[in-house]
Chemist: 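One structure, pasted below without further comment.
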Amino acid sequence: MVLTSALTPAQIDELRDLLMQLQTLLDPLPSLTPKQRQRLTKQGSKSQGFVTYTATLLQTNPTWLPNSLDTSRFLADYAISDRILEQCNQLRQLSDRLSDLYLLLNDSTMNEYCPRNLQPTQSPTAQSPRLKPTYPELSQRFIGQGRTANPNSLSA
């Protein structure tokens with residue numbers, strides 16, 4: 001598989017422009033923190049079926065619920081939610097495809113163009129002669145923080 005021709009530089013620029021347009025379109029929407037997301041009620045497949053059933057009942061029998069409940073708002077929210085779910089799934093699939101290309105390119109780069117004997121097998125600190133003299137000094141900083149260090153572990 002020739003990965004370098006998967007996307008041309010012009011296509012990558014076009015993708016960036018489209019993503020910027022999408023970002024601009026989505027900017028006014030709420031952006032939740034992870035804690036806020038945790039607090040919200042999640043809708044799994046069973047509860048989604050229940051909500052769909054409720055929406056169908058309300059559309060066929062509007063007097064099913066008391067007049068004090070705003071069924072029109074529920075139905076409007078349900079319709080938007082259903083359409084947004086489709087868009088979320090489509091975006092997730094596109095994101096996965098772009099991520100797959102990224103992973104394949106990285107794999108190709110590491111396995112085809114970087115000989116195994118040049119790939120890192122140790123930490124960068126251990127490989128770099130310039131960093132070896134500073135290792136004992138850095139180790140001393142971490143000893144007081146509950147870490148133990150062996151200043152001679154990287155000696156040449």
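Start at 1 with the first residue, then count along the sequence.
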Chemist: Hey, any chance L101 and I12 share a hydrophobic cluster, counting ILVMFWY side chains that come within less than 4.5 Å of each other, even indirectly?
Modeler: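 Result: yes, single cluster for both.
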Chemist: With a 4.5 Å cut-off on side-chain heavy-atom distances among I, L, V, M, F, W and Y, is there a chain of contacts connecting L26 to M20?
Modeler: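 L26 and M20: separate clusters.
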Chemist: Could you give the distance from OG1 (T52) to CD (Q48), rounded to the nearest 0.5 Å?
Modeler: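 With rounding to 0.5 Å, OG1 (T52) is 5.5 Å from CD (Q48).
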Chemist: Who pairs with Q23 by side-chain contact (heavy atoms from CB on, under 4.5 Å), at least two apart in sequence or on another chain?
Modeler: D27
Chemist: Please name all residues satisfying side-chain contact (heavy atoms from CB on, under 4.5 Å) with L94, sequence neighbours left out, ordered by chain then number.
Modeler: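 With neighbours one apart ignored, the set is Q90.
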Chemist: Does L91 belong to the same Ile/Leu/Val/Met/Phe/Trp/Tyr cluster as L19, with side-chain heavy atoms less than 4.5 Å apart forming each link?
Modeler: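 Result: no, two separate clusters.
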Chemist: Applying salt bridge (charged side-chain N to carboxylate O under 4.0 Å, His left out), which residue pairs with at least one partner in residues 28-53 are found, sequence neighbours left out?
Modeler: none
Chemist: Applying salt bridge (charged side-chain N to carboxylate O under 4.0 Å, His left out), which residue pairs with at least one partner in residues 80-90 are found, sequence neighbours left out?
Modeler: none
Chemist: How about Y78 and T56: do any of their side-chain heavy atoms sit closer than 4.5 Å?
Modeler: no
Chemist: Which pairs, with at least one residue in residues 8-17 and sequence neighbours excluded, count as a salt bridge (charged side-chain N to carboxylate O under 4.0 Å, His left out)?
Modeler: D13-R16
Chemist: For D100, which residues count as a side-chain contact (heavy atoms from CB on, under 4.5 Å) partner, sequence neighbours excluded?
Modeler: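 D100 satisfies side-chain contact (heavy atoms from CB on, under 4.5 Å) with no residue once adjacent residues are dropped.
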Chemist: Please give the remaining members of the hydrophobic cluster of L32, linking ILVMFWY side chains under 4.5 Å, ordered by chain and number.
Modeler: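 Taking Ile, Leu, Val, Met, Phe, Trp and Tyr as members, L32 shares its hydrophobic cluster with L40.
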Chemist: Who pairs with R97 by salt bridge (Lys or Arg N to Asp or Glu O under 4.0 Å), at least two apart in sequence or on another chain?
Modeler: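 Per chain and number, R97 pairs via salt bridge (Lys or Arg N to Asp or Glu O under 4.0 Å) with no residue.
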Chemist: Is L75 linked to L57 within one hydrophobic cluster, defined over Ile, Leu, Val, Met, Phe, Trp and Tyr using a side-chain heavy-atom separation of less than 4.5 Å?
Modeler: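 Yes: a chain of side-chain contacts under 4.5 Å links L75 to L57.
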Chemist: Checking F50 now: which residues fulfil side-chain contact (heavy atoms from CB on, under 4.5 Å) with it, not counting sequence neighbours?
Modeler: T54
Chemist: Kindly give the cluster partners of I80, where membership spreads through any ILVMFWY side chain lying under 4.5 Å from a current member.
Modeler: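 I80 shares its hydrophobic cluster with I84.
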Chemist: Quick one: salt bridge (charged side-chain N to carboxylate O under 4.0 Å, His left out) pairs with a partner in residues 101-110, sequence neighbours left out?
Modeler: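 Applying salt bridge (charged side-chain N to carboxylate O under 4.0 Å, His left out) to every pair that reaches into residues 101-110, excluding sequence neighbours, yields nothing.
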Chemist: With hydrophobic residues grouped by side-chain heavy-atom distances under 4.5 Å, do L104 and Y102 end up in a single group?
Modeler: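 Each belongs to a different hydrophobic cluster.
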Chemist: Who passes salt bridge (Lys or Arg N to Asp or Glu O under 4.0 Å) against D77, sequence neighbours left out?
Modeler: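 In terms of salt bridge (Lys or Arg N to Asp or Glu O under 4.0 Å), with neighbours along the sequence ignored, D77 is linked to R73.
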